[in-house]
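Reckoned from all heavy atoms, side chains included, excluding hydrogens, waters and symmetry mates. Bear in mind that the values here come from a model prediction, so they are computed numbers and not experimental data.
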Amino acid sequence: QVQLVESGGGLVQPGGSLRLSCGASGSIFRINTMGWYRQAPGKERELVAQVTSGGATDYADSVKGRFTISRDNAKNTVYLQMNSLKPEDTAVYYCNAEIRHYYDINWVQYWGQGTQVTVSS
């Protein structure tokens with residue numbers, strides 16, 4: 001089995017910064033894309049940013065220029081640096097990873113438990 005454990009959420013004032021971390025552990029042969037999604041109350045879950053194993057990144061238009069995604073492949077960890085936070089960034093943020101287990105050719109999507117980010121004065 002695989003676990004994704006997130007940390008770094010919290011309450012921050014508009015214009016502030018937060019850094020989210022997500023570490024993957026368990027029976028992992030290889031990790032492909034890792035990413036962050038978010039879900040605000042009453043809204044669907046949406047992609048925030050993702051990064052491939054080779055380092056290619058993709059961002060939602062709403063966070064471009066403010067958020068930076070990165071990963072440490074040796075630690076199976078992905079980060080999300082969030083700057084210039086706005087109230088509309090308030091949501092539960094979920095880590096996602098596409099993982100292959102040993103002796104298995106299939107890629108499986110895993111999710112973290114979510115971490116709350118609240119931007120408010």
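- Among residue pairs with one or both ends in residues 32-43, those qualifying as side-chain hydrogen bond (donor to acceptor under 3.5 Å, both in side chains) are Asn32-Glu98, Arg38-Glu46, Arg38-Ser62, Arg38-Asp89, Arg38-Tyr93; sequence neighbours excluded.
- Annotation: ring pair (Phe, Tyr, Trp, His ring centres under 6.0 Å) contacts involving residues 43-82, sequence neighbours excluded, are absent.
- Contact annotation: the side chain of Glu6 never approaches that of Leu20 to less than 4.5 Å [non-hydrogen atoms, C-beta and beyond].
- At least one side-chain heavy atom of Ser120 sits under 4.5 Å from a side-chain heavy atom of Leu11.
- In this structure, the separation between CZ on Arg19 and OG on Ser7 is 9.0 Å, given to the nearest 0.5 Å.
- Under the ring pair (Phe, Tyr, Trp, His ring centres under 6.0 Å) criterion, Tyr102 pairs with Phe29, not counting sequence neighbours.
- Annotation for Ile69 and Gly35: closest pair CD1-CA, 4.1 Å, computed over non-hydrogen atoms.
- Here the straight-line distance linking atom OG of Ser27 with atom OH of Tyr103 works out to 9.0 Å at 0.5 Å rounding.
- Listed by first and then second residue, the disulfide bond (SG atoms under 2.5 Å apart) pairs involving residues 53-87 amount to none (not counting sequence neighbours).
- Linking Ile, Leu, Val, Met, Phe, Trp and Tyr residues whenever their side-chain heavy atoms come within less than 4.5 Å places Val12 and Leu80 in a single cluster.
- In this structure Asn83 satisfies the side-chain contact (heavy atoms from CB on, under 4.5 Å) test together with Ser17, Gln81, sequence neighbours excluded.
- Side-chain contact check for Ile99 versus Ile31: some heavy-atom pair is nearer than 4.5 Å.
- For the side chain to side chain donor-acceptor pair (under 3.5 Å) test, residues two or more places apart in sequence or in another chain that qualify with Asp104 are Asn106.
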Determine, stepwise, if the pair Val78 / Cys95 fulfils side chain to side chain contact (heavy atoms under 4.5 Å, CB included). CA-CA 8 Å; Val78 63; Cys95 174; 3.8 Å; yes
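- The backbone N or O of Thr52 sits less than 3.5 Å from a side-chain atom of Arg71, completing a donor-acceptor pair.
- The backbone N or O of Val119 sits less than 3.5 Å from a side-chain atom of Thr90, completing a donor-acceptor pair.
- Shortest non-hydrogen contact noted between Ala91 and Ala40 is CB-N, 3.8 Å.
- Within 6.0 Å of the CD atom in Gln3, the count of heavy atoms belonging to other residues, nucleotides or ligands does not exceed 12.
- One hydrophobic cluster holds both Met34 and Val108 under the rule that ILVMFWY side chains link at heavy-atom gaps under 4.5 Å.
- The number of heavy atoms from other shown groups lying within 6.0 Å of CD (Glu88) is above 12.
- Under the 4.5 Å side-chain heavy-atom criterion for ILVMFWY residues, no single connected hydrophobic cluster contains both Trp107 and Leu4.
- At most 12 non-hydrogen atoms from other residues, nucleotides or ligands lie less than 6.0 angstrom from CD of Gln1.
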Please step through side chain to side chain contact (heavy atoms under 4.5 Å, CB included) for the pair Val2 and His101, ending with a clear verdict. CA-CA 9 Å; Val2 170; His101 299 283; 3.4 Å; yes
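- Under the 4.5 Å side-chain contact rule for hydrophobic residues, Tyr94 and Val51 do not share a cluster.
- Remark: Asn76 CG to Ile28 CD1 distance equals 4.5 Å, nearest 0.5 Å.
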